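Below is one structure, written out as structure tokens; comments come after it.
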Number of protein chains: 2
Amino acid sequence: MKHAQQPVTTNERFGVRIDVAGTFSNSFASGPNVIKTLPEQLAEKLVELIINGVFEPGQRLHEVGLAEQFSVSRGPVREALRLLEREGLVTMASRKGAAVTQLTSKNLRDIFSVRSALMGICAEELARHQSAEVQSTLDEGTRALFVAHEAGDVAGFLVVVYQVSMYVAEASGNEIAKSILFSLGRQTLSITRRVFEVPEHRLMWATDWKEIAEAIRAEDPVRARQSVRRLLDDTSKAAVAIYE
Amino acid sequence: MKHAQQPVTTNERFGVRIDVAGTFSNSFASGPNVIKTLPEQLAEKLVELIINGVFEPGQRLHEVGLAEQFSVSRGPVREALRLLEREGLVTMASRKGAAVTQLTSKNLRDIFSVRSALMGICAEELARHQSAEVQSTLDEGTRALFVAHEAGDVAGFLVVVYQVSMYVAEASGNEIAKSILFSLGRQTLSITRRVFEVPEHRLMWATDWKEIAEAIRAEDPVRARQSVRRLLDDTSKAAVAIYE
DNA sequence: GATTATCTTAATGTCAACAATCTAATTTTT
DNA sequence: AAAAATTAGATTGTTGACATTAAGATAATC
């Protein structure tokens with residue numbers, strides 16, 4: 001009798017822990033929804049395990065195994081899996097169980113295409129209603145990118161990429177776009193990690209990003225959108241190439 | 001002892017039934033996933049009841065009530081509600097239960113903004129890889145729009161609008177964008193219905209749509225995107241105005 | 001009479017067991 | 001020996017019951 005997966009003692013196998021706290025509170029939450037229900041806690045743990053690569057794509061996720069591992073019943077596990085299914089991180093088939101989603105290269109292209117469009121409108125919005133605080137945050141992010149790149153710190157670079165991307169989504173004020181971008185960002189995290197192992201890709205990303213920050217500073221929405229598009233298209237090509 | 005809602009005898013209160021079949025099969029479904037599990041069936045029924053206005057925004061959705069109403073246990077009902085939560089149609093708060101999501105005007109604007117961006121890339125893609133079949137389908141839709149408009153058939157107009165919009169999403173080939181557009185489209189259905197009660201709004205929509213179809217026929221991606229943007233922006237303004 | 005505290009009720013959160021179904025190994029037949 | 005059928009095991013689907021918590025009503029106090 002073997003379990004689907006060993007007990008997990010660490011979730012820092014790759015040295016990167018991306019913060020996903022607060023992820024499963026409803027997008028339209030009409031107030032402080034601090035109370036985390038058990039399925040939500042489980043979902044967050046599972047997200048960490050998946051995006052950090054402990055659970056590999058395609059791996060089956062048995063309900064009883066997970067229930068024993070987390071010392072809960074199957075009910076909450078099922079609900080957590082449903083949550084992750086809607087996030088796209090887990091694929092469920094009726095009577096066949098759940099598994100970590102395995103993206104196809106077509107999925108990858110589609111996801112990057114959607115991210116491009118949504119990041120585009122967020123950047124546009126930011127270019128229209130920018131502020132000194134926004135600008136300094138973007139500049140700080142740009143600096144951090146180049147620092148991490150030159151230091152060859154892949155893990156650190158990835159974290160900064162995630163943070164600055166999510167900052168644009170957050171600062172744009174569009175809750176719907178933000179929610180979707182968070183979700184799609186997580187789905188591509190493991191592939192993005194591999195993209196940034198190539199120094200040239202890090203430099204490309206940092207350079208493209210710098211252009212975006214400048215477009216926002218210049219309060220040029222169209223240029224901001226086009227810059228975002230270039231960034232995501234470049235990243236998409238790199239990701240698809242590595243993925244195949 | 002009163003239940004939250006009366007037994008539902010009809011789901012055609014507004015004379016419009018929008019087909020939402022196949023909605024809850026996974027976006028990345030890797031094959032014929034015809035087997036519908038009980039929660040999915042429940043979710044589809046609930047979607048119909050919500051978007052057709054039988055369950056009004058803000059209305060509480062008690063698990064036991066729904067369970068009795070549909071003659072199932074609370075388990076499947078819970079999972080169905082979770083599904084709808086991710087769709088944005090219901091809002092759940094821990095220990096407080098579920099309720100039909102009540103959009104704010106800010107939510108409305110954000111949703112239309114996202115729809116605009118995503119429909120934009122779908123139309124772009126369609127303009128690049130169009131075909132005779134695509135063109136005839138678009139033309140047919142345009143004709144149906146004007147027919148329904150002139151006949152004053154609000155319900156019919158709404159159905160055609162939904163169908164042609166979803167066709168663009170479908171035909172673009174971008175599964176991710178399609179999935180999101182389906183979801184967001186449902187969330188705005190009840191408001192869109194009220195928008196189209198105004199004849200001028202119907203004419204506006206039909207006219208804007210005709211322009212999109214022509215841009216796609218002309219294989220002009222940029223023009224197609226801009227036309228889509230105009231359509232959604234116009235609709236957004238009308239919807240927000242009516243909503244307040 | 002208004003306010004606060006307590007209590008009752010009802011709803012949600014969680015669990016364990018039963019039923020249905022799929023997978024895979026074993027056996028039987030050609 | 002290979003292929004098909006059957007059977008055993010494991011896994012998911014569903015249910016009902018129990019525990020916990022929030023909301024409303026009642027009563028007591030200021």
Side-chain angles (χ1 to χ4, degrees), chain A residues 1-6 24-26 29-46 55 58-86 89-101, chain B residues 1-6 24-26 29-46 55 58-86 89-101:
Chain A
M1 169 188 182
K2 75 174 173 68
H3 282 158
Q5 59 278 326
Q6 327 280 318
F24 287 96
S25 51
N26 196 313
S30 53
N33 192 8
V34 281
I35 306 103
K36 287 273 197 305
T37 184
L38 217 157
E40 286 169 355
Q41 295 176 21
L42 284 174
E44 288 185 2
K45 284 180 185 171
L46 288 173
F55 290 165
Q59 181 174 334
R60 288 288 311 278
L61 297 173
H62 298 288
E63 295 178 358
V64 283
L66 294 174
E68 287 178 8
Q69 188 168 338
F70 292 109
S71 303
V72 292
S73 179
R74 273 179 55 218
V77 171
R78 278 180 74 85
E79 296 198 21
L81 289 175
R82 275 252 125 84
L83 255 40
L84 295 188
E85 184 192 17
R86 271 296 124 187
L89 285 171
V90 163
T91 306
M92 295 180 83
S94 50
R95 291 275 173 203
K96 285 193 171 183
V100 179
T101 299
Chain B
M1 169 186 179
K2 74 174 175 69
H3 280 159
Q5 59 277 327
Q6 329 281 318
F24 287 96
S25 51
N26 196 313
S30 53
N33 192 9
V34 281
I35 306 105
K36 288 273 196 304
T37 183
L38 217 157
E40 286 169 357
Q41 295 176 20
L42 284 175
E44 288 184 3
K45 286 180 185 170
L46 288 173
F55 290 166
Q59 180 174 335
R60 286 288 312 278
L61 298 172
H62 298 288
E63 295 178 358
V64 285
L66 295 173
E68 287 178 8
Q69 189 169 337
F70 292 109
S71 303
V72 293
S73 180
R74 275 180 53 219
V77 171
R78 280 180 72 84
E79 296 197 21
L81 289 175
R82 276 253 125 84
L83 254 41
L84 296 187
E85 184 192 16
R86 271 298 123 187
L89 285 171
V90 310
T91 307
M92 296 180 83
S94 50
R95 289 278 171 202
K96 286 193 172 183
V100 180
T101 299

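Proteins get letters first, then strands, A, B, ... in listed order; numbering begins at 1 in each. Treat the numbers as computed from the prediction; the structure is a model and nothing was measured.
Taking 4.0 angstrom as the limit, Arg78(A) places none of its side-chain polar atoms (N or O) nearer than this to OP1 or OP2 of dT12(D). Between Lys96(B) and the phosphate of dA23(D), there is a side-chain N or O to OP1/OP2 separation shorter than 4.0 Å. When the side-chain nitrogen and oxygen atoms of His62(A) are compared with OP1 and OP2 of dA10(D), none of them lie within a distance under 4.0 Å.
Between Gln41(B) atom CD and dG13(D) atom P the separation is 13 Å, expressed in whole Å. Between the CZ atom of Arg60(B) and the C1' atom of dA22(D) there is a distance of 10 Å, rounded to whole Å. A straight line from CD of Glu79(A) to P of dT12(C) spans 12 Å, rounded to a whole angstrom. Straight-line distance from the CD atom of Glu40(A) to the C1' atom of dT12(C): 13 Å, rounded to whole Å. Per the geometry, CD belonging to Glu85(A) stands 10 Å off P belonging to dG13(D), to the nearest Å. In this structure, the CG atom of Leu66(A) is 14 Å from the P atom of dC15(C), given to the nearest Å.
Listed nucleotides dT15(D), dT12(C), dT14(C) differ in distance to Pro76(B); the shortest reach to its side chain belongs to dT15(D). Comparing dG13(C), dT12(D), dT14(C) by their nearest atom to the side chain of Pro39(A) picks out dT14(C). Of the candidate nucleotides dT12(C), dT14(D), dG13(D), dG13(D) has the atom nearest to the side chain of Glu63(A).
Looking at heavy atoms from C-beta onward, Arg82(A) lies in side-chain contact with Pro39(B) at the 4.5 angstrom threshold. You'll find the side chain of Leu83(B) stays beyond 4.5 Å of the side chain of Leu46(B), heavy atoms only.
In the interface, the side chain of Arg95(A) is not paired with the base of dT21(C) through any donor and acceptor atom under 3.5 Å apart.
Annotation: side chain to side chain contact (heavy atoms under 4.5 Å, CB included) contacts of Ala98(A) (sequence neighbours excluded): Leu61(A), Leu81(A), Val90(A), Met92(A). Residues that satisfy the side chain to side chain contact (heavy atoms under 4.5 Å, CB included) test with Arg78(A), not counting sequence neighbours, are Glu63(A), Arg74(A), Glu79(B).
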N/O contacts under 3.5 Å, protein versus nucleotides 16-18 of chain D?
none

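Contact record, Leu38(B) with Pro76(B): CD2-CB, 4.0 Å, taken as the closest heavy-atom pair. Closest approach of Ala43(A) to Ala80(A), counting heavy atoms only: N-CB, 3.8 Å.
Comparing the helix axis at one end of the helix from dG1(C)-dC30(D) to dT30(C)-dA1(D) with that at the other, each defined from 5 consecutive pairs, gives an inter-axis angle of 10° (nearest 10°).
Here Glu68(B) contributes atom CD and Ser73(B) contributes atom OG; the two are 11.0 Å apart, rounded to the nearest 0.5 Å. The NZ atom of Lys96(A) sits 9.5 Å away from the CZ atom of Arg60(A) when rounded to the nearest 0.5 Å.
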Worksheet item: Can you list the steps and then say if Leu89(B) with Phe55(B) is a side-chain contact (heavy atoms from CB on, under 4.5 Å)?
Response: CA-CA 11 Å; Leu89(B) 285 171; Phe55(B) 290 166; over 6 Å; no

